[in-house]
Amino acid sequence: MSAIQPPSRRIWWNQPIDRVEGTWIVLALVWCLIMFAMMPYWHVAGKQNLSNEAYRISSADYAAKAQAVIDKYTVRNETDRNYPVVAPPAGSDIYLIGRLWEWWPIYELEKNQTYRLHLSSMDWNHGFSLQPLNINLQVVPGYDMVISITPDSSGEFTIVCNEYCGIGHHNMLGKIYVKD
Ligand code: CUA
């Protein structure tokens, strides 16, 4: 057999499948179908899944909505860059801005209360990764992504950007506080 010469048996594709090979093909297919069914199953039954809502929005409109919440509920300023710490009431719509290279503002939430967290980018693609939890979302300019969050533990949570976005990517950090 050589890759240069034509195969000696011209109808090589029309040979009977060995029983062992056939068994493996059937097993692999069955496993693929099980895995496929697990996707919708975990979407309903899995606690870690996020059902996203998304709307088109301009960066300017999104920034204005975020600023309105910041103006209304800022309780103090923090860090050398003077980030507002915003503590909106439970049930609020809260807007997090991703941009080169920061997450803005810092939110202070209450444990076991639900908030509608909006995510959007002012420039290009960022990734919202909430540490140490397994939450990982794309943050895309022009879209307002909404997730319902209910923090079930208190403390300080770090947001890192996990979508490479340029020279300051590794410094693109944010914070969320959760109070008891
Ligand atoms: Cu933003 Cu990487």
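Indexing begins at 1, ligand by ligand and atom by atom, following the structure's order.
Using modelled atom types, no side-chain atom of Tyr62 and backbone atom of Pro141 make a donor-acceptor pair closer than 3.5 Å.
With atom 1 (Cu) of ligand 1 at the apex, His126 ND1 and Met172 SD define an angle of roughly 90° (rounded to 10 degrees). Expressed to the nearest 10°, the angle at atom 2 (Cu) of ligand 1 joining SG in Cys165 with SG in Cys161 is 120°. Around atom 2 (Cu) of ligand 1, the two atoms ND1 of His169 and O of Glu163 are separated by an angle of 90°, to 10 degrees.
Across every non-hydrogen atom of Asp152 and Asn112, the tightest pair is CA-OD1, 3.8 Å.
Looking at Tyr177 and Lys179, their side chains never bring a donor and an acceptor atom within 3.5 Å of each other.
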*asked:* Would Gln131 and Ser129 count as a side chain to side chain donor-acceptor pair (under 3.5 Å) here? Give the steps.
replied: CA-CA 6 Å; Gln131 305 298 323; Ser129 177; 2.7 Å; yes
